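This one's a predicted model, so the numbers in the text were calculated from it and none came from an experiment.
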Amino acid sequence: MLKNRRLLLIFAIVFVDVVAANGLGALITKYVVALPLKPMMLTGGTALMLGIQLALSPAIGHWSDKAGRRPVAIAVTITSLISTLFLWPLKSWGYIVNRSMKGGTNGLYAVMRSAVADIAPKEKLLNWSGVLSFMVGAGSAVGGMVTAILLYLSPEARIDAMPTVIVLTALGVLNIGLALCFKETNDEAGQEKPEFKAIATKALNALKVITLWRQLDESEKEVPGIKPLFILNMLATLGFGYYAFFLAFLTQSDLNMGPLDTAYFFTYFGLLAFISNYIFFEYIVHRINKRKAIFFIVGTSVLLQIGYMFSESSVTLLYIIAGIDAVVVSLIGGLIGAMLSVVTKEGGGQGEVFGNIQALGGVASFVTALVNSLLSGVSMIAPFIFCALSSLVVLWWTMRLPDDARKYTDRIEADQPTDEDDEQPQAMQPARA
């Protein structure tokens with residue numbers, strides 16, 4: 001995985017964008033301080049971002065199918081940089097505009113997932129997509145972990161959001177440079193000129209959730225198993241939505257963590273999750289029954305969320321629960337996302353399909369963020385109750401997966417790469433790296 005330079009560039013683009021989108025961490029409170037119901041506003045910004053993602057992800061995925069992954073990646077990273085500039089005034093309206101534009105640029109993840117599907121050998125797609133899906137799904141922890149370094153080094157950055165905003169702006173510039181270095185992965189790009197009307201239609205249709213659902217039905221006819229797995233992904237999004245709620249929980253509950261304490265937490269959680277996900281997707285995922293792994297991970301999550309309900313009174317208990325969460329539960333997003341990538345590639349690997357998946361996934365994320373935002377106004381432990389109940393539904397759905405889906409979740413030997421397969425991509429790819 002680490003020897004493939006094209007893959008590392010894709011990971012780098014996604015990683016930098018995730019940090020730029022989520023790097024404010026606890027300093028988001030500086031933007032909502034003048035607003036009522038701060039816990040709701042902290043989670044509400046995420047809900048706004050995901051709602052706009054719903055409309056634009058399918059359109060951006062469709063655009064990348066026609067124009068190519070590279071030009072779309074460049075355009076989206078430029079837009080992402082512009083969105084960061086709205087954080088400079090340190091005003092609530094700037095934060096709202098930033099979240100709105102970030103919702104549009106989240107289509108970058110559909111493009112990069114398509115790029116991975118373009119270049120990945122069949123036996124490596126599960127591994128590579130798993131790591132990518134983890135970075136996107138755990139964005140709030142990943143972003144907070146990276147920018148925490150600045151809080152360690154600068155006492156001023158713990159009080160004033162501007163030093164962090166400057167770093168996020170620099171990351172935006174860096175990502176444009178990375179996108180310019182990105183080589184086209186879609187061999188069919190440019191054969192058909194993209195039409196603005198078609199792209200706009202995709203965006204409008206995305207707002208019609210029923211239309212997206214019908215398109216998923218069509219994909220199910222072409223590749224049986226994709227719809228049950230996607231429903232599993234949506235349910236898991238509801239069950240693990242507390243990741244986006246972490247910030248509000250740490251800062252607005254009885255824990256009452258400041259920026260530095262929050263930085264310590266996200267560094268701890270993020271590093272453990274990164275190490276765990278890398279080991280799992282590099283060495284373990286192709287050797288196990290994925291459905292049984294989901295049972296174990298989700299069951300563990302239910303117990304941990306009960307533990308979170310009692311962790312307000314003990315930072316030590318919080319760190320113990322979060323450590324297990326990072327090592328075990330953080331694997332779920334990458335695992336289900338990777339299986340969806342495998343199914344999507346078998347159906348043609350189109351960016352539009354990835355965009356539809358991200359958009360419908362955005363519906364679940366939006367609902368989760370909205371519900372958690374409302375529940376946090378009632379009690380800071382209520383979101384954990386909601387997510388735990390949702391996780392029980394994930395267990396129920398996993399039990400009743402049809403055979404068409406189980407051929408992906410239960411696959412073991414077929415996923416194992418051979419030494420010959422490992423060597424072949426490396427021999428073929430350096431000239432295009």
Side-chain angles (χ1 to χ4, degrees), residues 1-4 6-8 10-11 14-15 109-138 185 219 223-233 236-237 240 273-298 328-351 353-354 357-358 361 398 401 403-426 428-429:
M1 188 183 296
L2 296 179
K3 296 179 181 178
N4 189 309
R6 300 179 76 197
L7 179 68
L8 286 177
I10 292 172
F11 283 175
V14 172
F15 181 79
Y109 307 141
V111 177
M112 293 294 100
R113 281 190 169 108
S114 300
V116 169
D118 291 339
I119 68 172
K122 183 177 180 180
E123 70 279 356
K124 289 292 187 182
L125 181 57
L126 190 71
N127 309 66
W128 296 357
S129 296
V131 175
L132 188 69
S133 297
F134 158 70
M135 285 195 292
V136 174
T185 62
S219 298
V223 190
I226 190 172
K227 185 175 181 179
L229 285 177
F230 178 73
I231 294 173
L232 177 64
N233 184 63
T237 300
F240 301 96
F274 254 108
I275 294 170
S276 177
N277 275 263
Y278 177 77
I279 293 173
F280 180 77
F281 288 107
E282 181 70 3
Y283 302 108
I284 300 174
V285 68
H286 54 278
R287 303 177 185 276
I288 62 172
N289 181 302
K290 269 69 74 178
R291 186 161 51 91
K292 293 180 180 178
I294 291 172
F295 272 117
F296 175 73
I297 293 171
V298 178
V328 178
V329 179
S330 70
L331 302 172
I332 190 69
L335 181 58
I336 299 177
M339 288 190 292
L340 273 173
S341 293
V342 170
V343 181
T344 302
K345 183 169 184 176
E346 292 193 8
Q350 292 185 325
V353 177
F354 280 107
I357 288 174
Q358 184 168 343
T398 304
L401 280 176
D403 291 339
D404 287 335
R406 291 190 183 191
K407 70 181 182 182
Y408 297 103
T409 61
D410 295 8
R411 183 185 298 172
I412 301 177
E413 295 298 329
D415 290 342
Q416 292 190 27
T418 64
D419 293 338
E420 181 180 349
D421 290 332
D422 278 341
E423 293 171 0
Q424 185 177 7
Q426 293 303 320
M428 295 172 60
Q429 291 177 6

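- Taken from CG in L232 to CE in M339, the straight-line distance is 6.0 Å, to the nearest 0.5 Å.
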(request) Starting from the C-alpha separation in whole Å, work towards a yes-or-no answer on side chain to side chain contact (heavy atoms under 4.5 Å, CB included) for F134 and Y278. (result) CA-CA 10 Å; F134 158 70; Y278 177 77; over 6 Å; no
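- Annotation: the span from I284 atom CD1 to N127 atom CG amounts to 11.0 Å, rounded to 0.5 Å.
- Atoms CH2 and CD1, on W128 and I10 in that order, are 8.5 Å from each other to the nearest 0.5 Å.
- Although no hydrogens or angles enter the test, the distance criterion places a donor-acceptor pair under 3.5 Å between the side chain of R406 and the main chain of L401.
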(request) Go through F274 and M135 one step at a time and tell me if the side chain to side chain contact (heavy atoms under 4.5 Å, CB included) criterion holds. (result) CA-CA 8 Å; F274 254 108; M135 285 195 292; 4.0 Å; yes
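- Taking all atoms of both residues into account, the shortest heavy-atom contact from V328 to I297 is O-CG2, 3.8 Å.
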(request) Step by step, work out the side chain to side chain contact (heavy atoms under 4.5 Å, CB included) result for R6 and T185. (result) CA-CA 9 Å; R6 300 179 76 197; T185 62; 3.5 Å; yes
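- Across all non-hydrogen atoms, the minimal contact from A117 to L125 is CA-CD1, 4.0 Å.
- Minimum interatomic distance between G130 and A338 (heavy atoms only, all atoms of both residues): N-CB, 3.5 Å.
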(request) Decide yes or no on side chain to side chain contact (heavy atoms under 4.5 Å, CB included) for V298 and F240, but give the supporting numbers first. (result) CA-CA 9 Å; V298 178; F240 301 96; 4.0 Å; yes
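- Rounding to the nearest 0.5 Å places CG of L126 at 7.0 Å from CG of L335.
- The closest side-chain heavy-atom distance from M112 to V136 is not below 4.5 Å.
- Atom CZ of residue F281 and atom CG of residue L331 lie 6.0 Å apart, to the nearest 0.5 angstrom.
- Exactly one of I275, V131, I288 qualifies for a side-chain contact (heavy atoms from CB on, under 4.5 Å) with F280. That residue is I288.
- For the atom pair I294 CD1 and I332 CD1, the distance stands at 5.0 Å (nearest 0.5 Å).
- When every heavy atom of S133 is checked against every heavy atom of G333, the shortest pair comes out as CB-O, 3.7 Å.
- In this structure the side chain of S330 reaches within 4.5 angstrom of the side chain of N277, judged on heavy atoms.
- What you find for I336 and A236 is that their closest heavy atoms are CD1-CB, 3.7 Å.
- Heavy atoms of other residues, nucleotides or ligands lying less than 6.0 angstrom from NZ of K292 number 12 at most.
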